A.B. asks: 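Sharing a structure, written as structure tokens. Questions coming.
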Amino acid sequence: MDGNGRWAQQRGLPRPEGHHAGTTAVHEIVCGALDIGLRHLTLYAFSTENWKRDTDEITTILETIRRDLDEGPLRDLDVRQRWLGHPDKLPTELVQALQRAERRTRNRIGLTLTMCINYGGRDEITRTAAALAQAVQAGDIDPHLISEEDFARHLPHPDMPDVDLLWRTGNEQRTSNFLPWHATYAELHFTPGYWPDVDRRDLWQAITEYSRRQRRHGAAPLAITRDDASALPSR
Ligand code: FPP
């Protein structure tokens, strides 16, 4: 969700206004996801690197998210809310609001909305390595036999699905520590507009483009079979 600050700057507004407008865009995109029956939507709302920002801006972002969890319109939608990230350094009220939202919505089935807050991919991988080391020390795993499945089972949230489509707004073409384990085969989609300007049609457009891509996961392109070939128009 990149470009909140520039969106505000462009209008001569303080940066916090960009984050407020970005929150409205979150509501719009969640509604667009529900409209089309999307199963998972994961938002990168605050990274482990965002602590480098000005204290006032950090407070605005975290308080905006806290208020939205407790009072925002997503509360009444068929959305299961989840949180990915670490409680270290986060305000207690926000951690409690995130945990409350997870509890309150755990039986909903429409859309799983995961918010990455105080999340960093390298942090996640480091914690996973530590968990694996502990399992080895406890004699539960043979270090010579550690598999990708073992690694995935020791992730802080082992049930997170792989990322199919990674969309970044704001005219930047990088993934910035976002779900590196899960996004290794993600299709990338970069758009120039700022996050507060997106609406549900942008989400649908992203998914339409994604659906036209051929995902091979390292396999060779599908060969044309004899049956397919006979269905082709003859010259
Ligand atoms: C990146 O834009 C945006 C963020 C670091 C914060 C995103 C947070 C929100 C949209 C609020 C989230 C609300 C909910 C309910 C999840 P930037 O500030 O880096 O923009 P810039 O690159 O133009 O400076």
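What you see is a predicted model; the values in this text were computed from it and never measured. Just follow the structure's listing: the first ligand is 1, and inside any ligand the first atom is 1. Excluded from the calculations below are hydrogen atoms, water molecules and symmetry mates; all remaining heavy atoms, backbone and side chain alike, are included.
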A.B. asks: Looking only at the side chains, is there a donor atom on one of Ser176 and Arg168 sitting less than 3.5 Å from an acceptor on the other?
C.D. replies: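 Short answer, yes.
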A.B. asks: Looking only at heavy atoms of Gly3, does any of them come nearer than 4.0 Å to an atom of ligand 1?
C.D. replies: yes
A.B. asks: Mind telling me whether Tyr44 and Phe178 have parallel, tilted or perpendicular rings, with 30° and 60° as the class edges?
C.D. replies: tilted
A.B. asks: Testing Leu90, Thr114, Asn118 for side chain to side chain contact (heavy atoms under 4.5 Å, CB included) with Trp83, which one passes?
C.D. replies: Leu90
A.B. asks: Test of understanding: given a 4.0 Å heavy-atom threshold, classify the contact between Asn50 and ligand 1 as side chain, backbone, both, or neither.
C.D. replies: side chain
A.B. asks: Judged by non-hydrogen atoms, does Gln9 sit under 4.0 Å from ligand 1?
C.D. replies: no
A.B. asks: Does a donor on one side chain sit under 3.5 Å from an acceptor on the other, for Asn50 and Ser47?
C.D. replies: yes
A.B. asks: Contact between Thr64 and ligand 1, counting heavy atoms under 4.0 Å?
C.D. replies: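 Judged by the 4.0 Å heavy-atom criterion, Thr64 does not count as contacting ligand 1.
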A.B. asks: Distance under 4.0 Å to a non-hydrogen atom of Met1: what atoms of ligand 1 satisfy this?
C.D. replies: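 Every atom of ligand 1 under 4.0 Å from some heavy atom of Met1: 1 (C), 2 (O), 3 (C).
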A.B. asks: Given Arg53, His20, Arg168, Arg67, identify the one with the heavy atom nearest to atom 19 (O) of ligand 1.
C.D. replies: Arg53
A.B. asks: What do the steps show when you test Glu93 against Arg66 for salt bridge (charged side-chain N to carboxylate O under 4.0 Å, His left out), and what is the final call?
C.D. replies: CA-CA 7 Å; Glu93 302 77 47; Arg66 206 275 313 148; over 6 Å; no
A.B. asks: For atom 11 (C) of ligand 1, find the nearest protein heavy atom and state the residue, atom name and distance (0.1 Å precision).
C.D. replies: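 Answer for atom 11 (C) of ligand 1: Thr23 OG1, 3.6 Å.
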A.B. asks: Does ligand 1 come near enough to Trp195 that some N or O of the ligand is less than 3.5 Å from an N or O of the residue?
C.D. replies: no
A.B. asks: Could you tell me which residues satisfy side chain to side chain contact (heavy atoms under 4.5 Å, CB included) with Arg104, sequence neighbours excluded, listed by chain and number?
C.D. replies: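 For Arg104 the side chain to side chain contact (heavy atoms under 4.5 Å, CB included) partners, ignoring immediate neighbours, are Arg75, Ala101.
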A.B. asks: Could you see which bit of Met115 sits under 4.0 Å from ligand 1, with heavy atoms only: side chain, backbone, both or neither?
C.D. replies: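 For Met115, only side-chain atoms sit under 4.0 Å from ligand 1.
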A.B. asks: Any carboxylate oxygen within less than 4.0 angstrom of a Lys/Arg side-chain nitrogen, looking at Glu209 and Arg212?
C.D. replies: no
A.B. asks: Considering Pro196, Ala45, Ser176 one by one, which has a heavy atom nearer to atom 6 (C) of ligand 1 than any of the others?
C.D. replies: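 It is Ala45 that holds the nearest heavy atom.
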A.B. asks: Tell me whether Val26 has any N or O atom under 3.5 angstrom from an N or O of ligand 1.
C.D. replies: no
A.B. asks: Taking both backbone and side-chain atoms of Arg15, is any N or O found less than 3.5 Å from an N or O belonging to ligand 1?
C.D. replies: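 Yes.
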A.B. asks: Mind checking whether Asp68 contacts ligand 1 via backbone (N, CA, C, O), side chain (CB onward), both or neither, at a 4.0 Å heavy-atom cut-off?
C.D. replies: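 Under 4.0 Å from ligand 1, Asp68 contributes side-chain atoms alone.
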A.B. asks: Any chance the side chains of Ser147 and Asp150 put a donor and an acceptor closer than 3.5 Å?
C.D. replies: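 Present: a donor and an acceptor within the cut-off.
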A.B. asks: Just to confirm my output: which protein heavy-atom neighbour is closest to atom 9 (C) of ligand 1, and how far is it?
C.D. replies: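 Protein heavy atom at minimum distance: Asn4 ND2, 3.8 Å.
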A.B. asks: Who's closest to atom 14 (C) of ligand 1 heavy-atom-wise, of Asp2, Ile65, Thr169?
C.D. replies: Ile65
A.B. asks: Taking side chain to side chain contact (heavy atoms under 4.5 Å, CB included) as the test, write out the residues that go with Glu57, two or more places apart.
C.D. replies: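 Arg15, His19, Arg53, Asp54, Ile61.
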A.B. asks: Could you walk me through whether Arg39 and Asp164 pass salt bridge (charged side-chain N to carboxylate O under 4.0 Å, His left out), step by step?
C.D. replies: CA-CA 11 Å; Arg39 307 297 311 140; Asp164 290 317; over 6 Å; no
A.B. asks: Give yes or no for whether the N/O distance cutoff of 3.5 Å, strictly under, is met between Tyr44 and ligand 1.
C.D. replies: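 The answer is no, given that Tyr44 and ligand 1 share no N or O pair closer than 3.5 Å.
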